[in-house]
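Comments concern the structure below.
Sequence lines set the chain letters: A, B, ... in the order given, protein chains first and strands last, and positions in each chain run from 1.
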Amino acid sequence: MARYNFRESEAKWQAIWAERRTFAAVTDPSRPKYYVLEMFPYPSGRLHVGHVRNYAIGDVIARYKRSTGFNVLHPMGWDAFGLPAENAAIAGHRHPADWTFENIRVMGDQLRLIGLAYDWDREIATCTPDYYRHEQKMFLDFLKAGLAYRKESMVNWDPVENTVLANEQVIEGRGWRSGALVEKRQLTQWFLRITEYADELLDDIATLDRWPERVRAMQSNWIGRSTGARMRFALKDRTDRLEVFTTRPDTIFGASFCALSAEHPLAQEAAAGDPALGEFIADCRRLGTSEEAIETAEKRGYDTGLRAVHPFDGRELPVYVANFVLMEYGTGAIFGCPAHDQRDLDFARKYGLAVRPVLWPTTARRLSDGEFAALPPESQALFDTGEGLAVIGSETLFHVANTAFVATDAADYTYDLGDLTDRPALPVAEAKDIAIAGLAARDSGEASIGYRLRDWGVSRQRYWGCPIPVIHCDGCGVVPVPESDLPVELPADVSFDRPGNPLDHHPTWKHVACPACGGPALRETDTFDTFVESSWYFARYCSPRAADAFDRADVDYWMPVDQYIGGIEHAVLHLLYSRFFMRALRQCGYLDVKEPFAALMTQGMVCHDTYAAPDGQWLYPEEVEPRDGGWVRISDGAPVIVGRTEKMSKSRKNVVGLEKVVETYGADTARLLLLSDSPPERDLEWTDAGIEGAWRYLNRVWRLVTEPAVPLPPPGGPLPGNIGEAATALRRKTHKTIAAVSEDLDAFRLNRAVARIRELTNLVGEMDGSGPGDAWALREALEATVLLLGPIAPHLCEELWQVLGGDTMVAETPWPMADPSLTVDDTVTVAVQVNGKLRATIDLPRDAEAADAERLALADVGVQRSLGGKAVRRVIVVPNRIVNVVV
RNA sequence: GCCCGGGUGGCGGAAUUGGUAGACGCGCCGGACUCAAAAUCCGGUGGUGGUGACAUCGUGCGAGUUCGAGUCUCGCCCCGGGCACCA
């Protein structure tokens with residue numbers, strides 16, 4: 001029995017696809033386009049099977065869309081700048097470029113090994129000047145458009161490495177590599193004005209109807225728009241006023257204090273005359289970022305002695321510096337309303353500040369004098385001090401003690417303001433409007449919107465990134481590099497023998513003549529955050545060799561990406577930055593796209609069991625084997641602890657090497673397992689049994705095609721006149737499968753598509769070929785099987801297509817069409833229920849009359865038995881589905 | 001705390017607009033072939049009771065709507081992920 005020789009076939013077809021440039025995409029406005037893209041990888045070393053799922057999913061879609069007539073763009077490239085290359089340079093004394101390009105070569109070969117239908121002619125690497133020169137030009141245009149600017153900001157500074165660290169690189173307050181305590185340092189950095197587009201980025205999420213709901217929610221939360229008011233409090237004995245931001249202007253009558261962030265200018269000023277306050281502010285700074293402060297979340301404050309005057313009732317409110325007020329949000333100052341905000345209540349309880357309830361649940365009612373008199377004295381005391389008692393319904397006491405009442409839809413407003421007195425069941429939104437109008441009338445505030453989103457800091461004190469194309473001149477200030485001088489290339493001769501940014505240490509690179517005055521000047525030595533490169537690479541693929549960033553005809557044709565596929569870990573940053581970048585580029589006239597990704601699919605992780613040796617060391621799967629019901633280390637027979645199944649990662653060593661799998665089972669087998677064992681968006685468990693099962697199935701298909709039950713007629717022959725029952729059944733199954741698989745692929749149900757094809761295979765396997773027309777039906781079924789399986793197991797299917805006598809490649813053969821007359825059956829099996837319980841099934845002609853269905857159902861012996869002679873009250877007939885007899 | 005997902009056999013997972021729950025696969029059990037094994041093929045496989053046809057229970061829990069609920073409504077429980085002193 002011959003086995004499929006995948007080694008030979010896979011190499012052969014990969015060579016043919018490459019040689020014929022089968023998957024090269026050509027702009028052709030006369031044809032419908034389909035752009036499918038998987039998030040490009042960072043070339044960090046080697047791929048394992050877990051990395052490949054993403055690409056396999058995209059490949060199925062690309063191949064499927066191609067065969068259904070779309071002009072498909074499916075490119076691949078490298079997100080090639082980044083810190084790991086520099087770390088490798090420091091550790092291994094290799095140049096980051098060498099290290100990066102070596103990894104690109106290795107990983108490219110790995111990707112080619114699994115037969116992905118990429119247009120390799122469009123391959124790009126973001127670390128090449130050909131790529132990043134355009135990014136520098138974009139930056140200069142952003143600068144002109146006011147979308148890029150410089151400002152001082154706080155950064156995480158590693159004093160040992162002399163560099164800025166990203167938040168993710170700070171672990172428990174220490175640098176991830178040096179272990180040094182990280183300092184907060186004020187640095188001048190470049191920012192991109194993403195907040196300019198905050199509203200648009202938020203509102204347009206509604207148009208992303210083919211994005212996962214959770215990604216849309218995460219983006220919304222990240223932008224974090226909240227509407228409210230800015231309001232100003234006069235300060236006693238001062239001429240300036242204190243401005244605060246609030247989302248709840250309707251609770252203003254409950255205000256009992258104001259609070260400032262430690263960084264607030266007024267706090268700083270007050271600290272100048274109060275050393276204890278200065279100490280407190282320093283404390284806040286220190287604890288501000290530590291894990292401990294966030295864990296305990298203890299509210300702390302310090303009275304500045306300042307007094308704010310309530311704009312409506314003239315009460316004087318103490319002004320505190322409080323550790324829970326953030327300078328970066330709103331105005332860095334708040335008013336505190338303890339009765340209706342939990343944080344403010346916690347703070348008020350700690351510092352003995354008044355709690356003034358001013359609105360109530362609509363289900364509460366205030367007490368009559370008589371009821372009040374009947375209350376125990378301690379409750380009356382609470383009410384007198386404004387702590388608030390009321391009755392919910394007629395029973396429950398409502399008492400503002402340690403839980404603030406936060407109304408969201410409507411409330412009974414009970415404070416005294418000419419235009420807002422005792423308004424029961426007032427919608428909160430309306431109350432806010434009334435309060436804002438009151439503020440405006442007193443020149444004390446107006447409606448305002450706050451965002452959580454901050455501008456994007458893009459400066460990194462790093463070598464292996466895109467140089468920021470500006471020059472600093474003592475006389476002229478910041479001078480953009482003239483476009484004719486682009487690209488600003490990274491110098492190759494750098495040294496990593498001391499900490500800090502090699503660009504800064506380079507003897508000559510940064511010394512240049514000022515483009516404006518010609519005098520001596522210094523280049524910017526910071527480079528861009530690598531998220532900048534990944535914010536526009538997908539558009540560059542449309543015209544990867546164009547002299548400008550984009551060829552308009554190409555980018556207009558191909559963009560947006562029709563289907564983007566990648567990990568959920570990029571749900572916010574990469575996707576949000578890319579959405580911003582398209583808008584910014586549009587504003588600067590580069591292209592006319594707002595949303596770069598029309599549809600997004602976030603694939604699940606590939607997981608595997610973990611193995612640990614007795615000493616706690618992780619072991620690779622190939623280092624262990626099952627023995628006597630347990631697991632042991634192969635080298636010495638030591639017992640192995642099988643840990644829980646986790647995402648494949650090098651650190652846990654629970655990875656399966658790509659080459660190993662491809663050598664043992666072939667690329668198609670690996671692809672089949674990755675695509676069929678779970679829905680794409682869910683996690684998938686890689687198991688030996690799973691890969692064996694996939695391998696077994698492909699061999700079964702191989703056998704069924706190469707050794708059919710009866711000799712197959714030549715391809716393209718006419719349907720024989722005499723077709724038996726078995727052949728007709730197979731034909732129906734074939735056409736139903738074609739229809740169902742097409743639907744499943746359109747809906748990304750790859751696992752179900754595979755299940756459908758397997759069903760067809762099972763029926764093919766049952767055919768003995770003895771009936772009239774069997775051979776013809778078998779050929780039809782096998783051809784369909786090969787074409788339907790083509791996107792999933794492309795090498796095997798090309799090989800089998802040849803066996804079947806195909807004169808084209810599967811990759812260039814149109815998707816099979818289902819014959820609609822064969823996708824519906826003449827007879828249907830209808831379930832018969834008695835009182836909703838299944839009692840029998842009957843076969844009926846399709847679309848039988850309800851009366852006939854009822855008659856035949858009642859005639860069924862099983863139905864008669866369970867009726868037990870009882871009178872039929874009612875019969876419900878759902879055509880072609882069910883008959884329910886009610887007794 | 002808030003926002004998203006989920007909860008179905010031993011396991012991964014199917015199930016159209018409410019209409020035969022468990023497709024397909026893995027595993028397991030039994031059998032065929034073989035000196036034996038591998039590979040392959042055939043049969044079985046939600047629980048309980050029954051020799052059996054069959055009965056009965058069953059989609060996290062509790063109610064409800066309906067001729068009929070995995071699916072819809074209300075109230076809970078549990079798991080996973082994201083966000084969070086954001087005023």
Can you give one letter per nucleotide of nucleotides 21-34 of chain B, 5' to 3': B if a protein heavy atom sits under 4.0 Å from the base, S if only from the sugar-phosphate, - if neither?
-> --BSSSS-------

Indicate the ring-plane relationship of Phe253(A) and His310(A), choosing parallel, tilted or perpendicular according to the 30° and 60° boundaries.
-> tilted

If you check every side-chain atom of Arg682(A), which of rA87(B), rG13(B), rG82(B) has the closest atom?
-> rG13(B)

Interatomic distance where CH2 belongs to Trp695(A) and P belongs to rU40(B) [whole Å] = 10 Å

What nucleic acid atoms does Val878(A) come within less than 4.0 Å of, heavy atoms only: base, sugar-phosphate, or nothing?
-> base

What is the pairing partner of rC28(B), taking Watson-Crick or G-U wobble pairs with both distances under 3.5 Å in any strand?
-> rG44(B)

Quick note, Arg452(A) side chain, CB onward, closest among rU20(B), rC83(B), rA87(B) is rC83(B)

Complementary nucleotide of rG80(B), counting Watson-Crick and G-U pairs under 3.5 Å | rC4(B)

How far, in whole Å, is rC41(B) from rG25(B) if one measures between their P atoms?
-> 11 Å

Do any side-chain nitrogens or oxygens of Arg343(A) fall under 4.0 Å of OP1 or OP2 in rA87(B)?
-> no

Mind telling me whether rG18(B) is syn or anti, cutoff 90° either side of 0?
-> anti

When you measure from the side chain of Ser678(A), which nucleotide among rG12(B), rA87(B), rC67(B) comes out closest?
-> rG12(B)

Is the Phe347(A) ring parallel, tilted or perpendicular to the Tyr351(A) ring (thresholds 30°, 60°)?
-> tilted

Would you say Ser220(A) reaches rC3(B)'s phosphate, i.e. side-chain N/O to OP1/OP2 under 4.0 Å?
-> no

How many Å lie between CG on Asp341(A) and C1' on rA84(B), as a whole number?
-> 13 Å

Within a strict 4.5 Å, meaning less than it, do heavy atoms of the Trp222(A) and Leu573(A) side chains meet?
-> yes

Using heavy atoms to find the nearest nucleotide of RNA chain B for Leu326(A) and Val886(A) separately, return the residue whose nucleotide is more 5′.
-> Val886(A)

Is Pro679(A) touching bases, backbone alone, or none of the nucleic acid, heavy atoms closer than 4.0 Å?
-> sugar-phosphate

Hey, does the side chain of Arg703(A) come within less than 4.0 Å of rC41(B)'s phosphate (OP1/OP2), counting only N and O?
-> yes

Would you mind pulling out the nucleotide paired to rA53(B), Watson-Crick or G-U wobble, both distances under 3.5 Å?
-> none

Presence of Arg839(A) side-chain N/O under 4.0 Å of rA55(B) phosphate oxygens OP1/OP2 = yes

Beyond-backbone contact of Leu439(A) with Phe312(A), side-chain heavy atoms, under 4.5 angstrom = yes

Do Asn654(A) and Asp609(A) have a side chain donor and acceptor closer than 3.5 Å?
-> no

So does Asn884(A) reach the base of rC67(B) with its side chain, donor to acceptor, closer than 3.5 Å?
-> yes

Can you tell me the pairing partner of rG13(B) across any strand shown, Watson-Crick or G-U wobble, with both distances under 3.5 angstrom?
-> none

Touch check for Val244(A), heavy atoms < 4.0 angstrom, all strands: base, sugar-phosphate only, or nothing?
-> nothing

Closer to the 5' end of RNA chain B via nearest nucleotide, is it Phe245(A) or Lys837(A)?
-> Lys837(A)

Pairwise distance CG(Leu202(A)) to CZ(Arg579(A)) - rounded to 0.5 angstrom = 8.5 Å

Identify whether any heavy atom of Arg873(A) sits under 4.0 Å from a base atom; if not, whether one sits that close to sugar-phosphate; answer base, sugar-phosphate or nothing.
-> nothing

